[in-house]
Amino acid sequence: MSYFPKVEKVNYEGPTSKNMFAFRHYNPEEIIMGKTMKEHLRFAVAYWHTMTQDGSDPFGLPINQRDWESETPMETARKRVDAFFEILTKLGVEYFCFHDVDIAPEGDSLEEFFKNIDEITDLIKEKMDQTGIKLLWNTANMFSHPRFVNGAASSNNAEVFAYSAAQVKKGLDVSKKLGGENYVFWGGREGYESLLNTDMKFEQDNIARLFKMSVAYAETIGHKVQFLIEPKPKEPTKHQYDFDAATTMAFIQKYGLENNFKLNLEANHATLAGHTFEHELTVARCYDALGSIDANQGDMLLGWDTDEFPTNIYDTTLAMYEILENGGIAPGGINFDSKVRRSSFAMDDLLLAHIAGMDTFARGLKAAVKLKEDRFFDGLKEERYRSYTEGIGEKIVADEENLESLTAYALKHDDIAMTSSHLEYVKSRFNDYLV
Ligand code: XUL
Ligand code: CO
């Protein structure tokens, strides 16, 4: 049985194609800078937005038409596996990501939950073996159930810490079973509502404890996996501990986790933190910690996490430029942590939305490659920092100067020549690469 009978396979048909179910820019096998586009982009589909969203919002009932909804939660879960792999295969996407609760119902006990996970991951493994599709990352949902009202590892209730540890252990067992390349911690409700009753240091120490236990367990089972932390400034808590890339790096370094942890950066989380996405990617690169990305976009007129499919070429170009500068994103990837709008409730919209996102990233990649080949940013920066390649600047960066020697120098050279950045001209030239 097919869930998307109208579409055999989404193929590249070029920019003039009028076929809704075709790529106009993403040409998976096209070689760019020595790699195929699909190797550059390493796209992944997110189980949660694609398979489990019902389209409801605080004002509206479920709306999404999903042909896999069945009599029992387990029957729905089984059908979702078929439909999910049909989507991945038809799109030609080679990776996927999921939370434990996305794939299997929790049932009435933790034991039942684990049993359900075992059954569904057997089905997923079969599909992976048949198709060659791989697991980019999985994670544990430790924020939806009422027990996590005050967080998971940061909860005031030690029973909740223990429960969370069990979920992470299972997540790592599943990661090993399915050959997961990364394992993600997004800090769900690891944050606070009020400092009046919160011991921030104690809660952060406990989060680090869970992370260290996880590294130790992955070693115990001989599973080499890249751990990733996904920063977000707010939602669901007022203040999330992993606020942004810089805050999360301070945490990683404070607790000595840098050998095992990198960052999974999400575009909409960046803008919620008051940053651009490229700011977050650049911060991660400064720490050699750019692990993977969650592709989506927010709405600048709304102050919350709308998780829209990325359609802004300006942003994907700058993101892809950072990824090229990083020497690629592997073993991470570009995971569409994106959901269709409420008005896009049809089954086919799941394909159309991913096609839009993939084409937008493909255009970003092509523009970024041209920027790199032209040395657009390199040239600008070389010119801008030229004073450090000669004279006193060269000595400063060679660490040959001190406050006394520089004071002596400044007293003799206090008539400083100023140069304009011509920033509007720079932005206008940058626009030439987008079209
Ligand atoms: C929430 C979010 C999560 C993580 C995985 O904003 O981005 O879906 O990506 O838990
Ligand atoms: Co995310």
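Everything numeric here is computed off the predicted structure, so don't read it as measured data. Note that ligands are numbered from 1 as they come in the structure, with each ligand's atoms numbered from 1 the same way.
- In this structure, F43 has its ring center at least 6.0 angstrom away from the ring center of Y95.
- Only side-chain heavy atoms of E266 come within less than 4.0 Å of ligand 1; its backbone N, CA, C and O stay farther off.
- Only protein N, O or S atoms were scored, and 4 of them lie under 2.8 Å from the Co ion (ligand 2).
- Checked by distance only, ligand 1 and D305 come closer than 3.5 Å through their nitrogen or oxygen atoms.
- At least one test fails for R24 against the ring of Y12: distance under 6.0 Å to the centre or angle within 45° of the axis.
- Residue contacts with ligand 1: W186 is placed with no nitrogen or oxygen under 3.5 Å of a nitrogen or oxygen of the ligand (distance criterion only).
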Apply the test salt bridge (Lys or Arg N to Asp or Glu O under 4.0 Å) to residues K90 and E8: give CA-CA distance (whole Å), side-chain angles for both, the deciding distance (0.1 Å), then the verdict. CA-CA 7 Å; K90 290 194 166 168; E8 185 74 25; over 6 Å; no
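- Annotation: K370, atom NZ; neighbour count of heavy atoms from other residues, nucleotides and ligands within 6.0 Å does not exceed 12.
- Each of K115, K127, K177 was scored for a salt bridge (Lys or Arg N to Asp or Glu O under 4.0 Å) with D122, with one residue passing: K177.
- For ligand 1, the polar-atom distance check against D307 finds no nitrogen or oxygen pair separated by under 3.5 Å.
- Interface atoms of ligand 1 facing D294, defined by a heavy-atom separation under 4.0 Å, are 9 (O).
- Remark: ligand 1 and H99 share an N or O pair separated by less than 3.5 Å (distance only, no angle test).
- At least one donor-acceptor pair closer than 3.5 Å links the side chain of R342 to the backbone N or O of G55.
- Rounding to the nearest 0.5 Å gives a distance of 9.0 Å between CG of L434 and CG of N312.
- When each atom of ligand 1 is checked for a heavy atom of K232 under 4.0 Å away, the hits are 1 (C), 6 (O).
- Looking from atom 9 (O) of ligand 1 to the surrounding protein, the closest heavy atom is E230 OE1, 2.7 Å.
- The option from D337, L228, N268, V184 that lies nearest to atom 8 (O) of ligand 1, judged by heavy atoms, is D337.
- Side-chain contact of N19 with E13: a donor-acceptor pair under 3.5 Å is present, judged by distance alone.
- Environment of CG in D108: sparse, with no more than 12 heavy atoms of neighbouring residues, nucleotides or ligands closer than 6.0 Å.
- Ring-plane geometry between F211 and F185 is classed as tilted, the angle between the planes lying from 30 to 60 degrees on a 0 to 90 degree scale.
- Residues H99 and F143 place their aromatic rings such that the two centres sit under 6.0 Å apart.
- Residue contacts with ligand 1 leave out H49, since none of its heavy atoms falls under 4.0 Å from the ligand.
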